[in-house]
Number of protein chains: 2
Amino acid sequence: MAQRRPTLPPALTRGHDHHQCVHDALVEAERLCAGRDVRLTELRKRVLELIWASHAPVGAYAIMDLLRGEGRNAMPPTVYRALDFLLEQRLIHRIASLNAYIGCTHPGDRHAMQYLICKTCGTVAEIDNPAIDEAIAVTTGGLGFAPDSQTLEVSGICRDCRDAAR
Amino acid sequence: MAQRRPTLPPALTRGHDHHQCVHDALVEAERLCAGRDVRLTELRKRVLELIWASHAPVGAYAIMDLLRGEGRNAMPPTVYRALDFLLEQRLIHRIASLNAYIGCTHPGDRHAMQYLICKTCGTVAEIDNPAIDEAIAVTTGGLGFAPDSQTLEVSGICRDCRDAAR
DNA sequence: CACATATTTGTTATATTATAACACTGTTGA
DNA sequence: TCAACAGTGTTATAATATAACAAATATGTG
């Protein structure tokens with residue numbers, strides 16, 4: 001098994017082409033859904049795009065307002081059903097401590113959720129450190145606990161905000 | 001600095017004296033609050049006791065119902081304020097993925113939240129594995145991210161429930 | 001003790017997040 | 001063509017949490 005290197009979180013990658021980044025995420029989503037034989041409908045795709053467009057976690061009701069802003073008469077179930085689909089397909093994640101949703105940066109491979117949440121600017125960075133997973137596996141294994149999903153949400157202040165504060 | 005050994009979570013310790021365990025938690029809470037010069041009032045103490053008595057995470061509205069059951073006319077703010085106090089004093093933790101609260105098993109020392117949540121029986125085990133903290137510290141340090149709080153919530157099936165299923 | 005102050009609790013109202021239930025529409029395949 | 005199913009619309013409501021202000025209780029000081 002190839003060792004994964006910790007990925008540099010997009011939100012911490014200054015000056016990236018955000019438009020391109022959203023586009024790539026949509027293309028990848030199309031590809032994955034086609035391969036899984038599930039339908040990335042217009043609505044689902046639009047919700048995914050709105051989530052990616054912010055690059056920060058978005059609440060369900062914020063998404064609803066955005067949809068309404070474009071003339072669609074969106075009610076909560078409409079949004080939540082789209083979110084449920086995207087969550088199931090692991091194209092987005094839910095950040096429980098924020099009641100908000102964010103695009104998954106590597107939706108192809110099943111993986112644990114690991115997030116750094118900046119309290120100051122609100123950006124969230126998805127990290128991917130195998131060492132964390134291993135440490136968790138040691139503990140769960142020792143206790144006979146069979147994990148099937150997890151979320152790690154670290155709240156703090158990102159480098160940019162710390163630099164700006166000085 | 002002394003190396004902490006992973007603690008055996010109370011919920012996974014079969015046959016423990018639960019009454020004693022609740023009592024100990026309350027005594028420890030009294031001690032900590034006295035030392036910190038904050039007031040563990042009757043209401044706050046009762047809420048803490050109700051949370052400990054369940055040994056599984058309890059929702060705010062469940063606590064409200066319990067208080068009402070004993071004649072107290074509890075409204076949401078009453079409960080949430082008590083919860084806020086207990087959270088601030090780190091006598092309880094909030095499990096974001098469940099919108100529920102649970103007693104902290106070692107409230108004396110500031111520590112990261114690490115929980116194993118059994119989907120079958122609903123019990124939650126607080127774990128304390130320094131290796132997880134270290135792995136997280138490596139990543140946050142490398143990214144210049146200054147963490148100040150975190151939650152790790154692992155959902156799965158505990159040993160007892162797996163054994164019972166066979 | 002008496003009083004001023006601050007803390008805690010009560011009360012009313014409302015915000016925020018999420019789901020249930022059922023009707024309608026569109027897509028797919030026989 | 002039409003039966004079956006998946007997806008979306010619509011109405012209502014559940015579950016979780018907070019704002020704002022009033023009343024009660026505790027604490028420190030003269």
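Each chain gets a letter, A, B and so on, in the order its sequence line appears, and its residues count up from 1.
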### Message
Side-chain heavy atoms nearer than 4.5 Å, only ILVMFWY residues, links allowed to pass through others: does that put Ile92(A) and Tyr61(A) together?
### Response
yes
### Query
Closer to the 5' end of DNA chain C via nearest nucleotide, is it Pro76(B) or Thr41(B)?
Thr41(B)
### Query
Any chance CD of Glu70(A) has more than 12 other-residue heavy atoms, nucleotides or ligands included, within less than 6.0 Å?
yes
#### Entry: Positive for side chain to side chain contact (heavy atoms under 4.5 Å, CB included) with Thr151(A), one of His93(A), Met113(A), Arg94(A)
Met113(A)
#### Entry: Euclidean distance, atom CG of residue Asp84(A) to atom P of dA18(C) [Å, nearest integer]
10 Å
### Query
What is the distance, rounded to the nearest whole Å, between atom CE of Met64(B) and atom P of dT9(C)?
17 Å
### Message
Distance check needed: dA6(D) P versus Gln89(A) CD, whole Å only.
### Response
14 Å
### Message
What I want to check is whether an N or O donor and acceptor connect the side chain of Tyr61(A) with the base of dA18(C) at under 3.5 Å.
### Response
yes
### Message
With nearest nucleotide decided by heavy atoms, which residue, Arg39(B) or Leu98(A), maps closer to the 5′ end of DNA chain C?
### Response
Arg39(B)
### Message
Side chain of Leu43(B) only, heavy atoms from C-beta on: which candidate in dA17(D), dA18(C), dT9(C) is closest?
### Response
dT9(C)
### Under-4.0 Å side-chain N/O to phosphate OP1/OP2 contact, Tyr80(B) with dT16(C)
no
### Message
Ignoring hydrogens, what is the shortest heavy-atom contact between Pro107(A) and Arg36(A)? Give both atom names and the distance.
### Response
O-NH2, 3.6 Å
### Task
Could you tell me whether the phosphate oxygens of dA18(C), OP1 or OP2, come under 4.0 Å of any side-chain nitrogen or oxygen in Arg81(A)?
no
#### Entry: Distance in angstrom units between Ile63(A) CD1 and dT16(C) P, rounded
16 Å
### Task
Nearest whole angstrom, please: distance from the C1' of dT9(C) to the CZ of Arg68(B).
15 Å
### Message
From CG of Asp37(A) over to P of dT28(C), roughly how many Å is that when rounded to an integer?
### Response
11 Å
### Message
Can you confirm whether His18(A) is buried at NE2, in the sense that more than 12 heavy atoms of other residues, nucleotides or ligands lie under 6.0 Å from that atom?
### Response
yes
### Message
Measure CG/Leu87(A) against C1'/dA18(C) and give the value in whole Å, please.
### Response
13 Å
### Query
Does the side chain of Arg44(B) get closer than 4.0 angstrom to OP1 or OP2 of dT7(C) through an N or O atom?
no
### Task
Check the distance between dT9(C)'s C1' and Leu83(B)'s CG and give it to me in whole angstrom.
14 Å
### Query
Are OP1 or OP2 of dT11(C) and a side-chain N or O of Asn73(B) less than 4.0 angstrom apart?
yes
### Met75(A) side chain, from C-beta outward: closest of dT18(D), dT11(D), dA18(C)
dT11(D)
